[in-house]
Student: 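Could you have a look at this structure, given as structure tokens, before my questions?
Labels below follow one simple rule: chain letters A, B, ... track the order of the sequence lines, proteins then strands, and each chain is numbered from 1. Heavy atoms only: backbone and side chains are in, while hydrogens, waters and symmetry mates are out.
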2 protein chains.
Amino acid sequence: MDAVFKALCDPSRRKLLDLLYTHNGQTLGELCEHLTMTRQAVSKHLAVLEAANLVIPLWQGREKLHYLNPAPLQEIYDRWLSKYDRPQLDALSQLKQTLEGNPQETNHE
Amino acid sequence: MDAVFKALCDPSRRKLLDLLYTHNGQTLGELCEHLTMTRQAVSKHLAVLEAANLVIPLWQGREKLHYLNPAPLQEIYDRWLSKYDRPQLDALSQLKQTLEGNPQETNHE
DNA sequence: CTATTATGCAACTAAATGGTTGCATGTCAA
DNA sequence: TTGACATGCAACCATTTAGTTGCATAATAG
């Protein structure tokens with residue numbers, strides 16, 4: 001899961017995922033057209049995405065087609081993000097209660 | 001949003017969020033007890049989390065209480081992650097169709 | 001007032017990161 | 001077969017990052 005978070009923290013890599021979202025199965029060359037860095041730099045980013053299993057490559061002759069795999073994103077949500085989704089966790093409401101001197105479980109002693 | 005992704009990519013910072021999830025409003029010193037690095041290192045991590053608005057500090061005398069703010073996580077999901085949640089985007093099924101020679105919209109030409 | 005406690009600030013270091021350039025390899029087309 | 005095209009590999013560089021140590025400041029306790 002660490003590899004997925006690492007992969008997502010770079011904006012260029014998130015852009016690559018967005019590009020594959022709108023047009024799946026693109027080659028390295030095609031993806032390069034939408035970024036301002038060299039082909040090798042894009043290739044490295046794709047390697048990181050592949051290592052996180054977010055992109056699955058398929059060789060077709062001399063072309064390498066890149067396919068988006070959203071499964072790790074789903075896992076990130078299910079196993080980490082979803083537990084923070086409870087609105088009652090909202091810090092501001094808790095702060096308000098703290099400032100009101102209203103002691104409760106989640107407060108510091 | 002970039003700040004939030006950056007904040008999340010470090011496992012120590014995710015652990016801090018988890019610690020605040022289980023016990024909100026902890027001081028720097030309390031949080032340090034659960035990590036193996038120096039107080040200053042933890043302090044830096046908390047600064048990153050504050051910059052991303054994931055942690056909201058509240059000074060109480062000489063103690064700084066740290067409160068979890070899950071709102072940016074919700075935003076990450078709503079504005080970025082949620083669009084990848086459609087199962088039909090699954091790369092493997094697309095690859096299968098590609099390999100079956102079944103041309104479709106989402107394919108490369 | 002003095003000690004101790006909780007935190008902040010600044011400088012430094014090692015390692016990771018994001019990018020480059022140059023060259024090699026394999027596939028397709030004429 | 002030859003040349004162009006798509007990609008990979010490796011070395012290198014600059015910046016960021018994650019951590020350290022040392023010292024400063026402010027609040028509480030005795």
Side-chain angles (χ1 to χ4, degrees), chain A residues 1-20 23-52 54-67 95 98-99 107-109, chain B residues 1-20 23-52 54-67 95 98-99 107-109:
Chain A
M1 198 159 70
D2 195 52
V4 183
F5 276 113
K6 277 270 168 56
L8 292 182
C9 78
D10 185 87
S12 300
R13 285 193 287 268
R14 291 199 302 275
K15 179 161 188 176
L16 283 170
L17 293 180
D18 283 337
L19 287 169
L20 291 181
H23 183 187
N24 210 0
Q26 293 186 68
T27 66
L28 171 59
E30 287 171 304
L31 292 167
C32 281
E33 293 169 15
H34 304 276
L35 293 175
T36 61
M37 58 191 71
T38 59
R39 176 179 57 81
Q40 286 81 356
V42 177
S43 181
K44 281 191 183 179
H45 282 305
L46 285 170
V48 174
L49 292 170
E50 289 176 31
L54 283 162
V55 162
I56 298 179
L58 174 63
W59 278 96
Q60 201 111 26
R62 66 178 166 182
E63 289 189 336
K64 185 186 187 184
L65 307 183
H66 298 84
Y67 285 87
L95 281 177
T98 299
L99 292 172
N107 274 354
H108 171 256
E109 349 271 322
Chain B
M1 197 159 76
D2 196 51
V4 184
F5 276 113
K6 279 269 167 56
L8 292 182
C9 77
D10 185 89
S12 300
R13 287 194 287 268
R14 291 199 303 275
K15 178 160 188 177
L16 284 170
L17 293 180
D18 284 338
L19 288 170
L20 291 180
H23 182 188
N24 210 0
Q26 293 187 68
T27 67
L28 172 58
E30 287 172 305
L31 292 167
C32 281
E33 293 171 14
H34 303 276
L35 293 175
T36 60
M37 59 191 72
T38 61
R39 176 180 57 84
Q40 286 80 355
V42 176
S43 180
K44 281 191 184 181
H45 282 305
L46 286 170
V48 175
L49 291 170
E50 289 175 31
L54 283 162
V55 162
I56 297 180
L58 174 62
W59 278 96
Q60 200 110 28
R62 67 180 165 180
E63 288 190 336
K64 186 185 185 186
L65 306 183
H66 297 85
Y67 285 88
L95 281 177
T98 300
L99 293 171
N107 272 355
H108 171 255
E109 352 269 320

Student: Which protein N or O atoms sit under 3.5 Å from an N or O of nucleotides 9-15 of chain C?
Tutor:
none

Student: May I have the distance from A:Leu46 (atom CG) to C:dG19 (atom P), rounded to whole angstrom?
Tutor: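 Interatomic distance, CG of A:Leu46 to P of C:dG19: 12 Å.
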Student: Could you tell me how far apart B:Leu16 (CG) and D:dA18 (P) are, to the nearest whole angstrom?
Tutor: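 The answer, rounded to whole Å, is 12 Å.
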Student: Looking at B:Arg39, is its backbone amide N or carbonyl O close enough to the side chain of B:Lys44 to form a donor-acceptor pair, meaning the two atoms are under 3.5 Å apart?
Tutor: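 No.
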Student: Does a side-chain N or O from A:Ser43 land closer than 4.0 Å to OP1 or OP2 of D:dG8, or not?
Tutor: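 Yes, because at least one side-chain N or O of A:Ser43 sits under 4.0 Å from OP1 or OP2 of D:dG8.
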Student: If you measure from CD1 on B:Ile56 to CG on B:Asn24, what distance do you get to the nearest 0.5 Å?
Tutor: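 Separation between the atoms: 9.5 Å.
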Student: What residues form a side-chain hydrogen bond (donor to acceptor under 3.5 Å, both in side chains) with B:Gln40, not counting sequence neighbours?
Tutor: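 Not a single residue meets the side-chain hydrogen bond (donor to acceptor under 3.5 Å, both in side chains) criterion with B:Gln40.
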Student: Just name whichever nucleotide pairs with D:dC13, Watson-Crick or G-U, keeping both distances under 3.5 Å, else none.
Tutor: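 Paired with C:dG18.
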Student: Whom does C:dA3 pair with, Watson-Crick or G-U wobble, provided both distances fall under 3.5 Å?
Tutor: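 Answer to the pairing question: none, since C:dA3 forms no Watson-Crick or G-U pair.
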Student: Test your reading of the model: is there a side-chain donor-acceptor pair from B:Glu63 to the backbone of B:Gln60, 3.5 Å cut-off?
Tutor: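 No, the answer is negative, given that no donor and acceptor are paired below the 3.5 Å cut-off.
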Student: Whole angstroms only, please: what is the CH2-C1' distance between A:Trp59 and C:dC28?
Tutor: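 Computing the A:Trp59:CH2 to C:dC28:C1' distance gives 13 Å.
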Student: Could you list all N or O pairs between the protein and nucleotides 25-30 of chain D that sit under 3.5 Å apart?
Tutor:
{"residue": "D:dA27", "atom": "N3", "partner": "B:Arg62", "partner atom": "NH1", "Å": "3.1"}

Student: In whole angstrom, what separates A:His66's NE2 from D:dA6's C1'?
Tutor: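 Answer to the nearest Å: 11 Å.
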Student: Let me confirm one number: the CG-CG distance from A:Leu49 to A:Leu20, rounded to the nearest 0.5 Å.
Tutor: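 Output value for this atom pair is 8.0 Å.
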Student: Check side chain to side chain contact (heavy atoms under 4.5 Å, CB included) between B:Lys6 and all other residues, then give those that pass, not counting sequence neighbours.
Tutor: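 With sequence neighbours excluded, B:Lys6 shows a side chain to side chain contact (heavy atoms under 4.5 Å, CB included) to B:Asp2, given in chain and number order.
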Student: Applying side-chain hydrogen bond (donor to acceptor under 3.5 Å, both in side chains), can you list everything that pairs with A:Lys64, at least two apart in sequence or on another chain?
Tutor: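 Expected list: A:Glu50.
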Student: If you take any heavy atom closer than 4.0 Å to DNA chain C, which residues from residues 5-12 of chain B end up in contact?
Tutor: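 Contacts with DNA chain C under 4.0 Å: none.
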Student: If I take atom CG in residue A:Leu28 and atom C1' in nucleotide C:dT27, what distance separates them, rounded to the nearest angstrom?
Tutor: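 One finds 15 Å between C1' of C:dT27 and CG of A:Leu28, rounded.
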Student: When you measure from the side chain of A:Arg14 to the backbone N and O of A:Leu8, does any donor-acceptor pair fall under 3.5 Å?
Tutor: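 Confirmed, A:Arg14 side chain pairs with A:Leu8 backbone.
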Student: Starting at atom CG of A:Leu35, determine the distance to atom C1' of C:dT20, rounded to an integer number of angstrom.
Tutor: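 Distance, rounded to whole Å: 16 Å.
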Student: Tell me, please, which residues at least two apart from B:Arg62 pass side chain to side chain contact (heavy atoms under 4.5 Å, CB included).
Tutor: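 In terms of side chain to side chain contact (heavy atoms under 4.5 Å, CB included), with neighbours along the sequence ignored, B:Arg62 is linked to no residue.
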Student: May I ask you to decide if A:Gln26's main-chain N or O and A:His66's side chain share a donor-acceptor pair within less than 3.5 Å?
Tutor: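 Side chain of A:His66 to backbone of A:Gln26, a donor-acceptor pair under 3.5 Å: yes, one is there.
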Student: Measuring to OP1 and OP2 of C:dG19, would you say a side-chain N or O of A:His45 lies under 4.0 angstrom away?
Tutor: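 Looking at the OP1 and OP2 atoms of C:dG19, one of them is under 4.0 Å from a side-chain N or O of A:His45.
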Student: Return the value, rounded to whole Å, for the distance between atom CG of B:Asp2 and atom P of C:dT17.
Tutor: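 For the pair B:Asp2 CG and C:dT17 P, the rounded distance is 16 Å.
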Student: Could you tell me which residues satisfy side chain to side chain contact (heavy atoms under 4.5 Å, CB included) with A:Ala3, sequence neighbours excluded, listed by chain and number?
Tutor: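 Applying side chain to side chain contact (heavy atoms under 4.5 Å, CB included) to A:Ala3 gives A:Ala52.
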Student: List for me each residue that meets side chain to side chain contact (heavy atoms under 4.5 Å, CB included) alongside A:Ser43, sequence neighbours excluded, and say none if there are none.
Tutor: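 With sequence neighbours excluded, A:Ser43 shows a side chain to side chain contact (heavy atoms under 4.5 Å, CB included) to A:Leu28, given in chain and number order.
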Student: Can you tell which of C:dG19, C:dG18, D:dG19 lies closest to the side chain of A:Ala41?
Tutor: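 Of the options given, the side chain of A:Ala41 lies nearest C:dG19.
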Student: Expressed in angstrom and rounded to an integer, what is the separation of A:Glu50 atom CD from D:dG8 atom C1'?
Tutor: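 Nearest whole value for this atom pair: 12 Å.
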Student: Report yes if a side-chain nitrogen or oxygen of A:Thr38 is closer than 4.0 Å to either non-bridging phosphate oxygen (OP1 or OP2) of C:dG19; otherwise report no.
Tutor: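 Negative; the distance criterion is not met.
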